[in-house]
Amino acid sequence: MTRQDLLDMNLKRELDLQIAEALEKAGAIGAPALIKQSQKVKFGHYQANGVMAAAKKLGMNPRELAKKTLEELSLTQAKEIEIAGPGFINIHLSNDYVADRLSDLNQQASFVLPVSKANTIVIDYSAPNLAKEMHIGHLRSTTIGDAAARTLEYLGHTVIRANHVGDWGAQFGSLLAYLDQQEKSGEKTSTELKDLEIFYQKASELFKADEVFAAKARAYVVRLQSGDPRCLELWRIFITESVNHCQAVYDRLNITLTRDDIKAESAYNEDLPQVVEDLDKLGLLQLSDGAKCVFLDEFKGKNGKTLPAMIQKSDGGYPYMASDLAAIRFRVNQLKADQALYFVDARQKLHLSQVFAVAKVAKFLDESKSFRHLPFGVILKDDGKPFKTRDGAAVKLSDVIEEAITRAFDLVSEKNPELSEKDRIRVAEVIGVGAIKYAELSKNRSTDYIFDWDTMLSFEGNTAPYLQYAYTRIQSIFRRANISPLALEGEIILDHPIEMQLGVKLLQFEEAINAMIEDYQANILCNYLFELAGIFMSFYETCPILIAEEPTRSSRLLVAHITAGTLKKGLDLLGIETVEQM
RNA sequence: GCGCCCGUAGCUCAAUCGGAUAGAGCAUCGGCCUUCUAAGCCGAGGGUUACAGGUUCGAUUCCUGUCGGGCGUACCA
């Protein structure tokens, strides 16, 4: 393998290829090397776990196969390779090799190599309901989806952000019916969102409790859908007001969504009859209690009953199944999407699997497209009970942001009073917002989580401020020494065990990004950055930089510089900013 | 009823799709600021991975069952 070949891969891939080749020469045809980063220092930097399974298949002693494999292997990267336990191959990288790779990394324009073929990827995320203010529950989809968008773009894909906001349907029927009722009783109405929020709650209660009101609300949906001018006028006022509110939240949170990314549910209204007609032409529709449904065998339960996918209601209205199908067509045909990622609440799992299944049967989607639901858990209260979004107990997102920034401001004022007020305000925004987003991103996406002010707004331990702090410490070194990182010269030397550990970790950035992208688990990238920052903190304590002799001094400055760049880029992929001082 | 998800330290969470002695943070306890920012570092205690079986060299991970929790289950989205 040439040097360039190695540079085109990350450590894991290059080891994987070489060991798989050696395994093959040793007689295990087609056996995977199963390279993993070792969990413990004594097991080396990487380990190959594939020998045991391969030996089993061949009826060989695994340690014997490991030995034969090593005889076929010459790794220039390693200073030591050993066979351990039942047949693990442990690889200890050589300090010089890691130092060389690190120098190369420092010369590169990017921390990752662009993908060989760029895909067009639609990312469906955030999607708030415009009838309400954004609440804490929107944080998940919004932050995780945004991190995915940033990361895929960084890797070279074409990303299309799709904010499928809810601006249509029965909820607006309730709202309009309530408003109308109020107007008739002579109360004056307001279109401020804060008031709309209250309207919505009241309307929602009435809808559940009062059959007459519910019927009226449904009638308003029909009026709205049929283009009644008065209804449309009221509706437009709501939407404009609500979109402004959402955009303000996005801007505050450093979310890359803009108004241009909104493709609302109502935007598909005109396509809906066509969707129904096309499904009908394919003979997929059945009339069931007056509603037009698709029945697919894969949704048949043990009781033999098949779950319907309703495309058109008995009153002629369209449920969200219809607009979701229209959205798929739009994404495939107009946007030319190769993939679509839906960052949507786990409770929508059944719904989305029906949508995808119907789309496939109807050939809206073919096998070459990958449309995936990336579900996430719901928020619970500290007693483990679910946070209901319509009982008035939802925590407003804008309140959380406000609280985080206030707390961060108090803290930065206490820790670093010599900063100007202007700087402290800026720092507080970056830290406060970073803390909130990191609290979301650092948890496993798919499980439920408990909302707790103190945990979410914590600035200690495994939090964004810890990472931001590591970054400022590095910047502070360069400031103090009055050196530009670009002016750094000399070799990288990784003599100290911590320096070596840091060096290897830095080379694994791309591996962390790839692992994250596999299943869009941002917590994998968070963990990586936290470990990187942790190793850097140890390095900072044990390896003095500015008072070190040359060439150690320059080497350590270089390592610190690469660390800063990695932290900054990693946080950037998560949508979290950095500051120079804090 | 049926379907899906979950159960790991006191609390909040990890564990790189089956790997080695299950790791962090918070909280608790003990050290470290006349040296580059103490939002930090070093160390200690804390576990029958809900329970019972099974599969195999190896199980938190896969299978079966039990218990416990959550969500979904056609005219809300």
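Every chain is numbered from 1 and lettered A, B, ... according to where its sequence line falls, protein lines coming before strand lines. These numbers come from a predicted model, not from an experiment.
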By the 4.0 Å heavy-atom rule, please label [X] as base, sugar-phosphate, or nothing.
X: A:S323; answer: nothing
X: A:A291; answer: base
X: A:M537; answer: sugar-phosphate
X: A:D289; answer: base
X: A:I474; answer: nothing

* To do: List in chain and number order the residues that pass side chain to side chain contact (heavy atoms under 4.5 Å, CB included) with A:P273, two or more places apart in sequence or in another chain; answer none if no residue qualifies.
  =>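 Partners of A:P273 under the side chain to side chain contact (heavy atoms under 4.5 Å, CB included) test: A:Y318.
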
* **A:A515: side chain to side chain contact (heavy atoms under 4.5 Å, CB included) partners, not counting sequence neighbours** =>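 Partners of A:A515 by the side chain to side chain contact (heavy atoms under 4.5 Å, CB included) criterion, ordered by chain and then number, come out as A:I524.
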
* To do: Check every atom of B:C41, B:A74, B:A39 against the side chain of A:S538 and return the nucleotide holding the closest atom.
  =>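 When the side chain of A:S538 is considered, B:C41 is the closest of B:C41, B:A74, B:A39.
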
* Counting side-chain heavy atoms from C-beta on, which of B:C36, B:G72, B:A74 comes nearest to A:F295? ->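 The nucleotide sitting nearest to the side chain is B:A74.
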
* Heavy-atom neighbours of A:K67 NZ exceed 12 at 6.0 Å ->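 12 or below, so no.
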
* Asked: What residues form a side chain to side chain donor-acceptor pair (under 3.5 Å) with A:R372, not counting sequence neighbours?
  ->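 Partners of A:R372 by the side chain to side chain donor-acceptor pair (under 3.5 Å) criterion, ordered by chain and then number, come out as A:D519.
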
* Contacts of A:Q37 that satisfy side chain to side chain donor-acceptor pair (under 3.5 Å) - sequence neighbours left out -> A:E511

Between the protein and nucleotides 29-35 of chain B, are there any N/O to N/O pairs under 3.5 Å, and if so, what are the atom names and distances?
none

* To do: Ignoring hydrogens and angles, tell me if any N or O in the side chain of A:R553 forms a donor-acceptor pair with the backbone of A:L546 under 3.5 Å.
  => yes

Could you list, one pair per line, each protein nitrogen or oxygen that sits under 3.5 Å from a nitrogen or oxygen of nucleotides 5-11 of chain B, together with the distance?
none

* **Side-chain ion pair, A:R426 and A:E577, N-O less than 4.0 Å** => yes

* To do: State plainly whether the residues A:R407 and A:D454 are in salt-bridge range, i.e. N to O under 4.0 Å.
  =>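 Here A:R407 pairs with A:D454 in a salt bridge, since their nearest N and O are under 4.0 Å apart.
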
Protein-nucleotides 18-21 of chain B N/O pairs closer than 3.5 Å?
| unit_1 | atom_1 | unit_2 | atom_2 | d |
| --- | --- | --- | --- | --- |
| B:G19 | O2' | A:Q47 | NE2 | 3.3 |
| B:A20 | N7 | A:Q47 | OE1 | 3.4 |
| B:A20 | N7 | A:Q47 | NE2 | 3.3 |
| B:A20 | N6 | A:Q47 | OE1 | 3.2 |
| B:A20 | N6 | A:N90 | OD1 | 2.4 |
| B:A20 | N6 | A:N90 | ND2 | 3.2 |
| B:A20 | N1 | A:N90 | ND2 | 3.4 |
| B:U21 | O2' | A:K40 | NZ | 2.6 |
| B:U21 | O4 | A:K42 | NZ | 2.5 |

* **Near-strand residues of residues 520-534 of chain A, defined as heavy-atom separation under 4.0 angstrom from RNA chain B** => A:N523, A:N527, A:F530

* Under 4.0 Å from any atom of RNA chain B, heavy atoms only: list the residues of residues 454-464 of chain A that qualify, in numerical order. =>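 Only A:F459, A:E460, A:G461, A:N462 qualify.
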
* For A:D324, which residues count as a salt bridge (Lys or Arg N to Asp or Glu O under 4.0 Å) partner, sequence neighbours excluded? -> none

* For residues 526-536 of chain A, pull every pair meeting salt bridge (Lys or Arg N to Asp or Glu O under 4.0 Å), keeping only residues two or more places apart or in separate chains. =>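 Sorted result for residues 526-536 of chain A: A:K505-A:E531.
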
Residue-phosphate contact under 4.0 Å: [X] side-chain N/O, [N] OP1/OP2:
X: A:S476; N: B:C36; value: no
X: A:Y466; N: B:C41; value: yes
X: A:R347; N: B:A77; value: no
X: A:K443; N: B:C13; value: no

* Chi-based syn or anti call at B:C33, which uses purine or pyrimidine torsion atoms and a 90° bound ->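 Syn conformation for B:C33.
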
* Asked: Would you write out the dot-bracket form of RNA chain B, 5' to 3', with Watson-Crick and G-U pairs under 3.5 Å, [ ] for crossing pairs, | for pairs to other strands and . for unpaired bases?
  -> (((((((..((((.....[...)))).(((((.......))))).....(((((..]....))))))))))))....

* State whether the distance check finds a donor on one side and an acceptor on the other, under 3.5 Å, for side chain A:Y320 versus base B:A77. =>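 Such a pair exists between side chain and base.
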
* When the aromatic ring centroids of A:Y125 and A:Y520 are compared, is their separation below 6.0 Å? -> no

* Out of A:N523, A:T463, A:N462, A:T143, which residue meets the side chain to side chain donor-acceptor pair (under 3.5 Å) rule with A:Y438? ->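 Single side chain to side chain donor-acceptor pair (under 3.5 Å) partner of A:Y438 among A:N523, A:T463, A:N462, A:T143: A:N462.
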
